[in-house]
Amino acid sequence: MKIETPRLYLRELTPLDYDALYAVLADSDIMQHYPYTFDEKRVRGWIEKNIQRYKTFGFGLFAVCLKENDEMIGDCGLTMQNINGVIKPEIGYHIRKDQQRKGYAKEAAIAVRDWTFQNTPFNEIYSYMKSTNEPSEKCAQSWGCHFVEEYADEDNAFTKVYAISREEWEKTWINKNFTNP
């Protein structure tokens, strides 16, 4: 599968993506809101887990690649996540530090959101993050999500949850052309 945007394409991860993904997931600045920074074993496991998700669900986290040079700069996709005790479809993303603040996470998330509403029966898509992760929160809002809840998680911290419904997407986004990330 391949999803295209004006500047990016998203494709399934493969074991050959290890080095590029390691540069993202092993960066402690990028992963500061995640429970841990990834090591070699966890990055390889992340790739394998997503390959299994493609087989099981038909989706997972995808490699985010620049069209201009085919460089992989992160991942973005749809996964099933435990959000406050309920398994829900969630769009997540990680973009390499030198490629942040260029609109790539938003552009990739919009593509995954549109793909999800066009190819799955889900009537709502979520994005969740640690309450201190302001960049992720702003990104979720940028692709149409609104705040739905905040809850205490097992780390004695708080998690914020954002969502967009199919109905909101149809009213607001379906007829817009994505031209300015």
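None of the values given here were measured: they were computed from a predicted structure. Start at 1 with the first residue, then count along the sequence.
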TODO: Could you tell me whether the side chain of Thr79 and the main chain of Gln81 form a donor-acceptor pair under 3.5 Å?
DONE: no
Open item on the list: Any non-hydrogen side-chain atom of Arg96 less than 4.5 Å from a side-chain atom of Glu71?
Closed with: yes
- [ ] In sequence, state the C-alpha distance, the side-chain angles, and the governing distance for Met72 and Val64, and then conclude on side-chain contact (heavy atoms from CB on, under 4.5 Å).
- [x] CA-CA 6 Å; Met72 181 186 164; Val64 175; 5.9 Å; no
Open item on the list: Starting from Val161 and following side-chain heavy-atom contacts under 4.5 Å between hydrophobic residues (I, L, V, M, F, W, Y), which residues can be reached?
Closed with: Ile83, Tyr126, Tyr128, Val148, Tyr151
Open item on the list: Show the nearest heavy-atom pair for residues Lys106 and Cys139, with the distance to one decimal.
Closed with: N-SG, 3.7 Å
Open item on the list: Hydrophobic clusters here meaning ILVMFWY residues chained together by side-chain heavy-atom distances under 4.5 Å, can you tell me if Leu10 and Trp46 are in one?
Closed with: yes
Open item on the list: Can a donor-acceptor pair be found, under 3.5 Å and without considering hydrogens, that links the side chain of Asn82 to the backbone of Gly85?
Closed with: yes
Task: Shared hydrophobic cluster, Met1 / Leu13 (ILVMFWY, side-chain heavy atoms < 4.5 Å) - done: yes
Open item on the list: I'd like to know if the side chain of Asp70 pairs up with that of Tyr9 as donor and acceptor (distance under 3.5 Å, no hydrogens or angles considered).
Closed with: yes
Open item on the list: On the six-membered ring of Phe122, is Arg166 placed so that its NZ or CZ lies under 6.0 angstrom from the centre and within 45° of the ring axis?
Closed with: no
Task: Least distance between heavy atoms, Ala105 atom then Ile95 atom - done: CB-CG1, 3.9 Å
Task: Over all atoms of both residues, closest heavy-atom pair of Glu137 and Ser131 - done: OE1-O, 4.4 Å
Task: Within-4.5 Å side-chain heavy-atom neighbours: Ile91 and Cys76 - done: yes
TODO: Kindly indicate whether the side chain of Val43, heavy atoms from C-beta on, has any atom under 4.5 Å from the side chain of Tyr18.
DONE: yes
TODO: Write down the atom of Ala111, the atom of Ile3, and the distance for their closest heavy-atom approach.
DONE: CB-CG2, 3.7 Å
Task: Separation between CD of Glu170 and CD1 of Ile164, rounded to the nearest 0.5 Å - done: 10.5 Å
Open item on the list: Take a 6.0 Å sphere around NZ of Lys67 and say whether it holds more than 12 heavy atoms from other residues, nucleotides or ligands.
Closed with: yes
TODO: Compare all side-chain heavy atoms of Leu78 with those of Pro89 and state whether any distance is below 4.5 angstrom.
DONE: yes
TODO: Kindly say whether Trp115 contributes a backbone atom to a donor-acceptor pair with the side chain of Asn119 at under 3.5 angstrom?
DONE: yes
Open item on the list: Using side-chain heavy atoms (C-beta onward) and a distance below 4.5 Å, is Glu68 in contact with Leu8?
Closed with: no
TODO: Output all residues satisfying side-chain hydrogen bond (donor to acceptor under 3.5 Å, both in side chains) with Glu168, sequence neighbours left out; order by chain, then residue number.
DONE: His146, Ser165
Open item on the list: Ile73 vs Leu66, test: side-chain contact (heavy atoms from CB on, under 4.5 Å). Steps then yes/no.
Closed with: CA-CA 7 Å; Ile73 61 167; Leu66 298 174; 3.8 Å; yes
Task: Donor-acceptor under 3.5 Å (Asp75 side chain, Ala63 main chain) - done: no
- [ ] Please report the C-alpha distance between Val112 and Tyr93 in whole Å, then the side-chain angles of each, then the deciding distance to 0.1 Å, and finally whether the side-chain contact (heavy atoms from CB on, under 4.5 Å) criterion is met.
- [x] CA-CA 10 Å; Val112 172; Tyr93 30 81; over 6 Å; no
Task: Atom pair OG/NZ of Ser136 and Lys160 - distance to nearest 0.5 Å - done: 11.5 Å
Task: Spacing of Ile47 atom CD1 and Leu61 atom CG [to the nearest 0.5 Å] - done: 11.0 Å
- [ ] Would you mind listing every ring pair (Phe, Tyr, Trp, His ring centres under 6.0 Å) that reaches into residues 56-82, with sequence neighbours excluded?
- [x] Tyr54-Phe62, Phe57-Phe59
Task: Non-hydrogen side-chain atoms of Arg44 and Arg42 separated by less than 4.5 Å - done: no
Open item on the list: Once rounded to the nearest 0.5 Å, what's the spacing between atom CG of Leu25 and atom CD of Glu40?
Closed with: 13.0 Å
Task: Short side-chain to backbone donor-acceptor contact, Asp153 and Ala157, under 3.5 Å - done: yes
Open item on the list: Would Glu4 and Lys2 count as a side-chain contact (heavy atoms from CB on, under 4.5 Å) here? Give the steps.
Closed with: CA-CA 7 Å; Glu4 292 194 47; Lys2 188 174 182 181; 4.1 Å; yes
Open item on the list: Contact between Glu90 and Tyr162 at the side-chain level, heavy atoms closer than 4.5 Å - yes or no?
Closed with: no
TODO: Report the distance from atom CG of Asn123 to atom CD of Glu167, rounding to the nearest 0.5 Å.
DONE: 9.5 Å
- [ ] Could you check if a side-chain atom of Ile51 sits within less than 4.5 angstrom of a side-chain atom of Pro15, using non-hydrogen atoms only?
- [x] yes
Task: Any donor-acceptor pair under 3.5 Å from Arg113 side chain to Trp143 backbone - done: yes
TODO: To the nearest 0.5 Å, tell me how far Arg53 CZ sits from Glu48 CD.
DONE: 12.5 Å
